[in-house]
Amino acid sequence: MTVHRCRSCGLRTSPVSGRRDTSYADVDLDAYLQSIGSVRQAQAEEIVAFAREHGADGEWLDVGCGYGYVLDAAREAGFRVRGIEPNAIAAEAARARGIGVHHGLLDESTPPADIVSTLDVLEHLDDINAFAKLVKTKARALWLIKVPSSDGLFFRFAHLLRIRSAVERLWQTHYEHPHTVYFDQATLARFVQKHGLDILGVRHLQEVPIRTVVPRLTLAGDMPRWKARLAVPVAFTINVIERLRRRSDALLMLVRVR
C-alpha cells in the first residue's frame, strides 16, 4: 500500500482502493471483545471523565457508537444518550444495553445534541471536511473526536521498519472501510481550527494494553498465537516509553462548536 505525507501540513493519507467486504460479521466475536472491544470499554470511562472535566453535560450523541461502551458510561455519568451506528450487529449489541441507537449514518435529518462524539470515525471517511461541516450543525456545544494517531510509536515503528503486515493492520486495508487518513496532534488541531472550532483539551489514551496484544494480533486469523506472543515484550517496552513521553496511538480532542 502507498502512504502519502503532505509536505506542508504533515497529514498522512492513503488511497482508498482494494476494499474487501470484511466487517464485524467476518471476525471472531469473542476475540474482538477480548481485544479491541476490551480496549474500547476500558477507555469509555476515561473519555466521559475527560468531557466532564471540560464542562460537558446534557444530551450525548455518539456517531459510530459501535457496541455502545461510551454511551453506557455517559449514561452512568448522568447524560441523556443516543447513538448512530452503520453496522447492524454492533447497533443491535448497543440496543441490548438499553441505548437508543439508529442503524445508519449521520445526516441532515439527525436531531442535534449538546455533545457529539466521533470516536475512531474520521479516519474511515472519504470526505472529512464535508463531515466536519455536518457535525457543526448537529453539535450544540461540543465535538469530541478520537482518532488513531501517527504520533504513536506503534505507528512510527511499523512505518519506519516497513513491516507490511503491521502497516496494513494499522490502516485496516483488508476491511470494508479502511483508514483513509492518519492525524497527529498538530494536524488534527489544524483541521478543527480550519473549521472554526476552538480546542478545549487534548489527551492520549493507551491503545494497546498488554493483555490485548495476543487476541488483537490473532483477531483476523492470519497469525498463530505463538507468533503473536513474541510481540508482547515489544508492546510492553513501547507502552513504557509512551507513558514517559505522554503520547500514544490514540488521540482524544475536545472542541467547542461556535
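- Using a distance-only test at 3.5 Å, with no hydrogens or angles considered, no donor-acceptor pair links the side chain of T180 to the main chain of H124.
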**OP:** Could you walk me through whether L197 and K136 pass side-chain contact (heavy atoms from CB on, under 4.5 Å), step by step?
**Re:** CA-CA 9 Å; L197 304 167; K136 286 180 64 177; 4.0 Å; yes
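- Listed by first and then second residue, the ring-ring contact (aromatic ring centres under 6.0 Å, His included) pairs that reach into residues 225-258 come to none, sequence neighbours excluded.
- Remark: R169 fails to qualify as a cation-pi partner of F154 under the 6.0 Å distance and 45° angle criteria applied to the six-membered ring.
- A side-chain donor-acceptor contact under 3.5 Å links T237 to the backbone of P233.
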**OP:** Start with the C-alpha distance between Y182 and V3, add both sets of side-chain angles, then the distance that settles side-chain contact (heavy atoms from CB on, under 4.5 Å), and finish with yes or no.
**Re:** CA-CA 10 Å; Y182 248 93; V3 177; over 6 Å; no
Original post:
After noting the C-alpha distance and the side-chain angles of R216 and V39, does the key distance pass the side-chain contact (heavy atoms from CB on, under 4.5 Å) rule?
Top reply: CA-CA 10 Å; R216 192 163 188 157; V39 174; 4.0 Å; yes
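- Summarising the geometry, atom CG belonging to L153 is positioned 10.5 Å from atom CZ belonging to R247; distances are rounded to the nearest 0.5 Å.
- Using modelled atom types, no side-chain atom of E242 and backbone atom of Q206 make a donor-acceptor pair closer than 3.5 Å.
- V167 is not listed as a side-chain neighbour of R162, based on a closest heavy-atom distance of 4.5 Å or more.
- Counting heavy atoms from C-beta outward, N129 and K194 have side chains that approach closer than 4.5 Å.
- F50 places none of its side-chain heavy atoms less than 4.5 Å from the side chain of Q43.
- Hydrophobic clustering places I210 together with F157 (ILVMFWY residues linked when any side-chain heavy atoms are closer than 4.5 Å, directly or through intermediates).
- The only member of I47, L119, D120 that meets side-chain contact (heavy atoms from CB on, under 4.5 Å) when paired with R40 is D120.
- Connection of L254 to V121 is not established within any shared hydrophobic cluster, with ILVMFWY side chains joined at heavy-atom distances below 4.5 Å, either directly or through further cluster members.
- Under the 4.5 Å side-chain contact rule for hydrophobic residues, I115 and V63 do not share a cluster.
- Between the side chain of D114 and the backbone N or O of A56 there is no donor-acceptor pair closer than 3.5 Å.
- Within the 3.5 Å criterion, the main-chain N or O of G98 finds a donor-acceptor partner in the side chain of R75.
- Put simply, NE2 on H179 and CG on L125 are 10.5 Å apart, with the number rounded to the nearest 0.5 Å.
- A donor-acceptor pair under 3.5 Å is absent between the side-chain atoms of T218 and the main chain of P224, judged by distance alone.
- The heavy-atom pair separating E59 from P112 by the smallest distance is OE1-O, 3.7 Å.
- Here NE2 of H4 is found 12.0 Å from CG of L11. Values are rounded to the nearest 0.5 Å.
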Original post:
Can R95 and E85 be said to form a salt bridge (Lys or Arg N to Asp or Glu O under 4.0 Å), step by step?
Top reply: CA-CA 11 Å; R95 290 189 190 117; E85 172 54 46; over 6 Å; no
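- Judged by distance alone, the side chain of R190 and the main-chain N or O of C9 form a donor-acceptor pair under 3.5 Å.
- Here the shortest heavy-atom pairing between I128 and L122 reads CG2-O, 3.5 Å.
- One finds the CG atom of L170 at 13.5 Å from the CZ atom of R156 (value rounded to the nearest 0.5 Å).
- Between the NE2 atom of H102 and the SG atom of C65 there is a distance of 11.0 Å, given to the nearest 0.5 Å.
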**OP:** Using the side-chain contact (heavy atoms from CB on, under 4.5 Å) rule, take D184 and L251 through it: C-alpha gap first, then chi angles, then the decisive distance, then the call.
**Re:** CA-CA 7 Å; D184 59 17; L251 172 63; 5.7 Å; no
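- Looking at S149 and V147, their side chains never come closer than 4.5 Å, going by heavy atoms from C-beta outward.
- Under a hydrophobic-cluster definition in which Ile, Leu, Val, Met, Phe, Trp and Tyr are linked whenever side-chain heavy atoms come within less than 4.5 Å, directly or via other members, F131 and V257 are assigned to the same cluster.
- Heavy-atom contacts from other residues, nucleotides or ligands closer than 6.0 Å to CD of E45 number 12 or fewer.
- For the pair K133 and H195, the minimum side-chain heavy-atom distance is below 4.5 Å.
- Minimum heavy-atom separation, W171 to R12: CH2-O, 3.9 Å.
- Going from atom CG of L106 over to atom CG of L134 covers 4.0 Å, rounded to the nearest 0.5 Å.
- Of the possible polar contacts, one joining the R97 side chain to the Y67 backbone as a donor-acceptor pair under 3.5 Å is found.
- The cluster map of Ile, Leu, Val, Met, Phe, Trp and Tyr, joined by side-chain heavy atoms under 4.5 Å apart, puts W143 and L252 in different clusters.
- Summarising the geometry of E207 relative to A250, their closest heavy-atom pair is OE1-CB, 3.3 Å, with the distance given to 0.1 Å.
- Atom CZ of R203 has more than 12 neighbouring heavy atoms from other residues, nucleotides or ligands inside a 6.0 Å radius.
- Judged as a side-chain contact (heavy atoms from CB on, under 4.5 Å), and not counting sequence neighbours, the contacts of P86 are L105.
- Between D72 and I99, the shortest heavy-atom contact is N-CD1, 3.8 Å.
- Of all heavy-atom pairs spanning K138 and E108, the tightest one is NZ-O, 2.7 Å.
- Side chain of D249 to backbone of P148: no donor-acceptor contact under 3.5 angstrom is found.
- Between I145 and F183, the closest side-chain pair of non-hydrogen atoms is not below 4.5 Å.
- Annotation: side chain of R5 is not in contact with side chain of S150 (no heavy-atom distance under 4.5 Å).
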